[in-house]
Structure formats: structure tokens, C-alpha cells
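Read the structure below first, then the notes.
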Amino acid sequence: RILNEAKQTVLQAIELAPTDPKFRYNLGLLEETLGNPDAAREAYLQTIEMKSNYEEARFTLAELYESEGQASAAATQYQYIL
């Protein structure tokens, strides 16, 4: 329940500051924690689209790709960070 409330708060923050990538990144973290990997991946990708050098988003996305067995996609994100 508290995570759903946090998600609603982050969604409101995104409405108020739609160009701030950290809110989309936090939405991704919440979606992943809530067991929604597709929504998490989309939020991380949106974050990276907004700020291509957002290393935390790239690293977390890479970990998500790894957990899904997508080694090549994960490697792409890790390589960008390096």
C-alpha cells in the first residue's frame, strides 16, 4: 500500500515537472519493486531519453535486462557507462 502511495506521489511530481528525469527514474524503481518490469523498463528508457548520461538509470536498466536474460542489451548499457 505504501509503495502505491509513493507511486501516486511520483506520478504527481512528473505532472508538475515533466522534464525532470529523476522523477521518471524513481517511478522505474517503484515499478520494479512493485513487480512491473515492463513499466520499470519504460520509465528507465524515458529517463535515459531525457538525460542520456544518467548513469544510475542506465545501470539499473542494465541490471533489469540481465535479470531477464538480455545480456546484449545489458552490455550496451554497461558499455555506455564505461
Side-chain angles (χ1 to χ4, degrees):
R1 176 177 160 208
I2 196 148
L3 290 176
N4 285 319
E5 290 175 15
K7 179 180 170 181
Q8 290 307 312
T9 300
V10 170
L11 289 171
Q12 289 173 344
I14 289 171
E15 284 184 36
L16 294 172
T19 61
D20 191 333
K22 72 180 162 219
F23 293 128
R24 296 226 184 251
Y25 174 65
N26 286 324
L27 177 61
L29 293 174
L30 284 166
E31 291 289 10
E32 197 168 353
T33 302
L34 288 166
N36 304 320
D38 293 337
R41 181 173 33 278
E42 182 61 29
Y44 297 144
L45 289 170
Q46 289 173 353
T47 302
I48 292 165
E49 189 175 306
M50 296 171 83
K51 184 178 178 186
S52 63
N53 64 344
Y54 202 130
E55 289 186 11
E56 292 90 351
R58 285 189 179 273
F59 187 81
T60 307
L61 178 60
E63 289 181 321
L64 179 60
Y65 281 144
E66 264 190 286
S67 73
E68 296 175 333
Q70 299 182 47
S72 178
T76 299
Q77 298 304 317
Y78 289 134
Q79 286 173 344
Y80 183 92
I81 294 168
L82 293 175

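Side chains of Glu42 and Gln46: a donor-acceptor N/O pair is present below 3.5 angstrom, by distance only. In the model, Glu66 has a side-chain atom that pairs as donor or acceptor with a side-chain atom of Tyr78 under 3.5 Å.
Across all their heavy atoms, Pro37 and Leu64 have their closest contact at O-CD2, 3.7 Å. Between Ala74 and Ala62, the shortest heavy-atom contact is CB-O, 3.4 Å. Between Leu27 and Ala43, the shortest heavy-atom contact is C-CB, 4.3 Å. In plain terms, the two heavy atoms of Arg24 and Pro18 that are nearest each other are NH2-O, 4.1 Å.
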Practice item. Check the pair Lys51 / Thr47 against side chain to side chain contact (heavy atoms under 4.5 Å, CB included), numbers first and verdict last. Key: CA-CA 6 Å; Lys51 184 178 178 186; Thr47 302; 5.8 Å; no

Practice item. List the steps, then state whether side chain to side chain contact (heavy atoms under 4.5 Å, CB included) holds for Thr60 with Glu32. Key: CA-CA 10 Å; Thr60 307; Glu32 197 168 353; 3.8 Å; yes

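Annotation for Gln70: atom CD counts as buried by contact number, over 12 foreign heavy atoms lying within 6.0 Å.
Side-chain contact between Leu61 and Arg58: absent, with no pair of heavy atoms (C-beta onward) separated by less than 4.5 Å. Considering only heavy atoms from C-beta on, Glu63 stays 4.5 Å or farther from Gln77 through its side chain. Contact of the Leu11 side chain with the Phe23 side chain is not registered, since no non-hydrogen atoms from C-beta on lie closer than 4.5 Å.
Salt bridge present: Glu68 and Arg41 bring a charged side-chain N and a carboxylate O closer than 4.0 Å.
Note: Ile2 CD1 to Lys7 NZ = 15.5 Å, rounded to the nearest 0.5 Å. Taking CG from Asn53 and CD1 from Ile81, the interatomic distance works out to 11.0 Å, rounded to the nearest 0.5 Å. In this structure, Leu3 CG and Leu29 CG are separated by 11.0 Å, a value rounded to the nearest 0.5 Å.
Following chains of ILVMFWY side-chain contacts shorter than 4.5 Å, one cannot reach Tyr54 starting from Phe59, and the two form parts of different hydrophobic clusters. Under a hydrophobic-cluster definition in which Ile, Leu, Val, Met, Phe, Trp and Tyr are linked whenever side-chain heavy atoms come within less than 4.5 Å, directly or via other members, Tyr25 and Leu30 are assigned to different clusters.
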